[in-house]
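Both backbone and side-chain heavy atoms feed into the values below; hydrogens, waters and symmetry mates do not. It should be emphasised that the depicted structure is a prediction, and the values quoted were computed from it without experimental measurement. We number each residue from 1, following the sequence as shown.
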Amino acid sequence: MEKTLNRIHPVSDPEATYFLQVSWEKDLGAGFGIALSDGQCAWTGTVSEAEISREAADMEMNREKYVEELKKALIAGEESVGRYNFAVSKDDENTECHFSYGRNLKDGSFRLGSLKLQKVLSPAEVVKELIGWCLDCLGRLQAKNEHLQKENERLFGCWSDAEKRLEKCVEAKEELEADLYNRFILVLNEKKAKIRNLQKLLNEAKESAAAAKYTRDTITTTQVATGGENEYDGSTDGESENLTRPSLPPVPERRDSLLGSPEFIDSAPRRKQRQRTAKPDMTGSKMTSHQTELPAKEKAKCDCHNECEETRKKREARLIS
């Protein structure tokens with residue numbers, strides 16, 4: 001059998017204190033017993049299952065919900081203070097006691113149930129039973145408290161061990177992170193060195209390609225310049241030949257033709273004699289002038305060729321620089 005003991009203050013006498021004990025077997029809805037005492041007198045009574053069903057029908061309330069309201073009013077104790085009220089009225093001879101219980105609302109209250117309690121002839125026995133139940137409940141609470149204290153100590157020890165293991169794990173983690181960080185730095189430096197070497201090789205390859213391209217361009221430009229200079233030299237030789245040819249007129253042939261004509265022989269023999277006498281001098285003077293002109297032209301041709309060679313060398317020097 002289960003029991004609960006609560007302290008109540010009736011609305012009819014708020015200064016008075018009563019002790020209410022409720023006992024039941026399996027469920028409060030199957031019936032319960034009530035024992036009420038003010039410390040001097042005691043009253044007892046019972047509520048059957050039929051009475052509970054009748055009260056729920058009178059209030060037009062579901063039986064399960066009504067039973068829940070009874071539990072909150074009679075068993076909840078301090079949790080239901082202010083939400084439920086109790087009323088106690090005794091007769092003149094103090095042989096019977098009318099006990100009622102209800103629920104408070106905003107604009108009033110409604111009664112959950114009531115019953116008549118009979119006076120106990122030996123209230124000391126009831127008080128003794130209440131005190132014994134309180135002591136038993138106190139002992140159970142103390143044993144539960146000790147058990148919870150031991151459990152708390154055990155959990156505290158487990159927590160201490162877990163904290164120590166956690167500290168060791170944190171230290172191991174920090175050491176592992178430091179080791180990994182050092183290894184990472186080494187790997188990173190190696191990667192950086194490889195990247196620098198690859199960049200250096202790439203730059204050297206680019207410079208080699210640029211130098212090869214520049215060399216090819218220089219050779220092509222030099223070949224073009226050399227071809228143009230050869231063409232210029234050829235034209236100069238042609239011009240010198242053209243200039244040389246008119247400087248050698250066929251004077252002797254013309255003179256021979258003139259001397260060989262019969263008309264000239266018949267009409268002027270003496271002049272022919274004089275021309276033959278003067279011919280060596282004139283021919284010698286013309287040959288002397290022709291020989292003087294040839295070295296001057298060859299010198300001009302050499303000077304022009306030297307200027308072309310100097311121009312070509314200057315171009316090559318500019319391209320190389």
> Do Arg183 and Asp179 sit within salt-bridge range, that is, some charged N less than 4.0 Å from a carboxylate O?
Replying inline: yes
>> Count I, L, V, M, F, W, Y as connected when their side-chain heavy atoms are under 4.5 Å apart, and connections chain through other members. Are Leu115 and Ile52 then in the same cluster?
In response: yes
>> Restricting to side chain to side chain contact (heavy atoms under 4.5 Å, CB included), what partner residues turn up for Leu5, sequence neighbours left out?
In response: Phe19, Gln21, Leu130, Trp133, Cys134
> Yes or no on side-chain contact (heavy atoms from CB on, under 4.5 Å) for Lys3 and Val22, after CA distance, side-chain angles and deciding distance?
Replying inline: CA-CA 6 Å; Lys3 294 180 181 181; Val22 181; over 6 Å; no
>> Is there a continuous path of hydrophobic side-chain contacts, each under 4.5 Å between heavy atoms, that joins Ile131 to Val120?
In response: no
>> With side-chain contact (heavy atoms from CB on, under 4.5 Å) as the criterion, how do Leu36 and Val88 come out once you've worked through the C-alpha distance, each side chain's angles and the decisive distance to 0.1 Å?
In response: CA-CA 10 Å; Leu36 184 66; Val88 178; 4.0 Å; yes
> Under a 4.0 Å N-O cut-off, is there an ion pair linking Lys71 with Asp27?
Replying inline: yes
>> Once salt bridge (charged side-chain N to carboxylate O under 4.0 Å, His left out) is applied, do any residues pair with Glu49, and if so which ones, sequence neighbours excluded?
In response: Arg63
>> Is there a side-chain contact between Leu20 and Leu74 in this structure, where contact means two heavy atoms from C-beta onward sitting under 4.5 Å apart?
In response: yes
>> Do Leu70 and Tyr66 make a side-chain contact, defined as non-hydrogen atoms from C-beta onward lying under 4.5 Å apart?
In response: yes
> Do you reckon Trp24 sits in the same ILVMFWY cluster as Tyr84, going by side-chain contacts under 4.5 Å, direct or chained?
Replying inline: yes
> Just how far is it from atom CD of Glu25 to atom CD of Glu2, taken to the nearest 0.5 Å?
Replying inline: 9.0 Å
> Could you walk me through whether Glu96 and Lys119 pass the side-chain contact (heavy atoms from CB on, under 4.5 Å) check?
Replying inline: CA-CA 6 Å; Glu96 291 184 355; Lys119 185 178 180 181; over 6 Å; no
> Once the angle between the rings of Phe99 and Phe86 is folded into 0 to 90°, is it parallel (under 30°), tilted (30 to 60°) or perpendicular (over 60°)?
Replying inline: parallel
